[in-house]
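Just so it is clear, the model here is predicted, and its values are computed rather than measured. In what follows, chains carry the letters A, B, and so on, assigned in the order in which the sequence lines appear, proteins first and then strands, with residues in each chain numbered from 1.
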Amino acid sequence: MSPAEIDALMLSLRVAFWSTLWSLPLAMFVAWVLARRQFIGKTLVDALVHMPLVMPPVVMGFLLLMFLGRKGWIGAPLYDWFGVTIAFTWKGAAVASAVMAFPLMVRAIRLSLESMDQGLETAAQTLGAGPVRVFTSITLPLIFPGILTGLVLAFARSLGEFGATITFVSNIPGETRTLPLAIFSLLQTPGGDAAAIRLVAMSAAVAFLALVLSEWTAQRITKRLKGSA
Amino acid sequence: MDGAADYKTPKGVGVIKLDVRRKVGRFTLEARYESSGDVTALFGPSGAGKTMLADMIAGLVRPDRGQINIAGETVFDSDKSINIRPEKRGVGYVFQEGRLFPHISVESNLCYGIARPGPGIEMKFADVVELLGLGPILKRMPHFLSGGERQRVAVGRALLSRPRLLLMDEPLASLDTARRSEILPFLESLRSQFSVPIVYVSHAMDEVARLADYLVLIDEGQVTASGPIGEVLGRLDLPGLGALADVGSILNLALETQIEEDSLSVLTLNGARLVVPALDLPIGTAVRVRVQARDVAIALVRPEKISTLNILAGTITAIEAEHPEKARHQQDVLIDVGAPLRARLTRKSVRDLGLKPGVEAFAVLKAVAVEQR
């Protein structure tokens, strides 16, 4: 494997890792609000969260550029006041991945929140537990399999992100050229097929590994819940 | 258990005073009562609003308006905007389905409420475990418990959170008959040893008659009667009771003598003597028995050469009026034999014997039909 290929792999992992990690708290909050709260405009919020799932990724990339680009509505003050640039950096790639994977994570967590027995939270309450303790000692452990599913889905989605990334942060070797972008570039280059196939195998392996790992963990947790541990 | 007396609260601490109202769709719950017993039963058919009332006491459901007062503290008052959160009310709740936390062991479940104890008396972990027979299952996960074990853990968990009031919502409803009779003795010893005031929600008269000393009748969202259980069960003007197959009387008597050779005991009550299957208790002990109305026969002259051991002289005090819920062939009468005794007769017998208030008669009752509790 060439250093450029290794670079692409490591960059992909880094981007996927940070995008997943940073979107988790927000995804949990949004999932909780959608699962447990009734408010006016809930349908609107729900639709908004799901937009990245149904919009062309290129459009999402363009929107990100409009908002977060150096001259964008949020990007400009960010650069002027803090000197932070997001567009055309690996951080931008992470943001693009996070946005695209967000609905998947929210869906998984929301589903497990909705399927858990809320009576258990009530029971904890009558035993003297305040909202924080109820959440950490009852809700969180019981929805953990759902959180795990959300993490893996989001991680896999990040690894595969192409359209929004190339639109928002371009295809800069070593900075924003993740695995899918590297494969795309190789396919544009005469004689790049062999290297492309190597990268394809690599991304397949990473995705497969993530799935197996999460399935194994989920099974262990379910077993523990059923009490055979 | 040694030192069980430590767990006794002074009488009257368990007083609940409530006056609440809540409307949900076409159903309106309107309840007002004051109870002072160790065990108060909220009794009524399914859908009468019992669970909603229990949820209001625990703070899980908010009344539209009204007041709730537990042991002298106002926990809800719509006029004064008082609404204490459930976790601060100190009300232990045993749910119908147990609601054990599936991801932690029985022991951790039991200990969950110890971290933030309520205002009730402290109970030692070991004592609760012993009373409920939980020792052998402490390390198990809830998934592997039987229905009966699950409910016992739920009771223990609620007790250990130091509640000043223990709410039990049909804790036996999800169990089969065998399991129910396995748990009832635990609940009875709970009642006698821990005297945490208990509010027991049920639609099963046998449970209520065994456990409760104060009865609140609820029907279609309304409290139709409330008072000491003996008094309420002695009323003939309550259609909810008259329609029950297993309604009866509760008598509080004292153990007078033992008839060793026949394995029988004699109980007395205001001069009347009641022979029952032998009770293994010291002479003078207060005994509470339940006599089902359908086990009592009425005679106008003292029957002779009859196998029945209990023939109690008394006066008819009341005859049940006709009401649509009552089976047409039946009629309940009340005979005072020192205490009111309910007898369920055929309408024909009442008519043929000319029973009416003031008539002197004899209550005939088989010794084997008397249930001790």
Side-chain angles (χ1 to χ4, degrees), chain A residues 24 28 31-32 35-39 108-152 214-229, chain B residues 51 54-55 57-61 84-120 137 139-145 150 153-154 156-169:
Chain A
L24 179 64
M28 270 174 59
W32 184 82
R36 293 290 168 80
R37 294 280 140 180
Q38 297 302 328
F39 54 93
I109 298 173
R110 178 184 178 178
L111 221 72
S112 61
L113 269 171
E114 281 170 347
S115 63
M116 87 161 267
D117 178 8
Q118 280 190 57
L120 296 173
E121 293 173 345
T122 314
Q125 231 184 334
T126 63
L127 291 166
V132 174
R133 180 156 181 239
V134 170
F135 185 76
T136 53
S137 68
I138 306 296
T139 317
L140 208 54
L142 288 177
I143 64 164
F144 193 74
I147 293 177
L148 200 70
T149 308
L151 284 175
V152 172
S214 81
E215 189 56 33
W216 180 73
T217 321
Q219 265 178 20
R220 278 191 43 158
I221 292 168
T222 318
K223 242 188 190 167
R224 208 171 54 109
L225 281 187
K226 296 271 157 68
S228 55
Chain B
T51 298
D55 282 352
I57 295 171
L60 303 177
V61 165
I84 295 179
R85 293 181 59 84
E87 63 264 31
K88 302 231 166 77
R89 282 204 185 179
V91 174
Y93 204 142
V94 178
F95 298 91
Q96 191 172 331
E97 343 73 78
R99 297 196 191 174
L100 301 187
F101 305 132
H103 59 299
I104 54 179
S105 68
V106 166
E107 190 171 15
S108 308
N109 264 282
L110 287 171
C111 292
Y112 192 89
I114 296 177
R116 264 269 210 74
I137 57 170
K139 299 292 170 204
R140 278 202 234 157
M141 295 299 277
H143 183 71
F144 287 100
L145 302 181
R150 228 168 269 174
V153 175
R157 183 177 72 175
L159 268 182
L160 284 166
S161 71
R162 285 181 65 175
R164 64 176 146 201
L165 178 75
L166 190 60
L167 269 177
M168 296 190 176
D169 184 12

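Chain B is approached within less than 4.5 Å, heavy atom to heavy atom, by G119(A), L120(A), T122(A), A123(A), A124(A), Q125(A), T126(A), L127(A) from residues 113-127 of chain A, ordered by number.
Only the backbone of L100(B) has a heavy atom closer than 4.5 Å to any heavy atom of chain A. Of the two parts of R157(B), the backbone and the side chain both hold a non-hydrogen atom closer than 4.5 Å to a non-hydrogen atom of chain A. In this structure, the portions of Y112(B) lying under 4.5 Å from any heavy atom of chain A include both its backbone and its side chain.
Applying the side chain to side chain donor-acceptor pair (under 3.5 Å) rule to S214(A) yields no partners; only residues at least two apart in sequence or on another chain are considered. E215(A) pairs by the side chain to side chain donor-acceptor pair (under 3.5 Å) definition with nothing, not counting sequence neighbours. Listed by chain and residue number, E97(B) satisfy the side chain to side chain donor-acceptor pair (under 3.5 Å) test with R99(B) (two or more places apart in sequence, or in another chain).
A pairwise comparison of heavy atoms in H103(B) and S137(A) identifies NE2-O, 2.8 Å as the closest pair.
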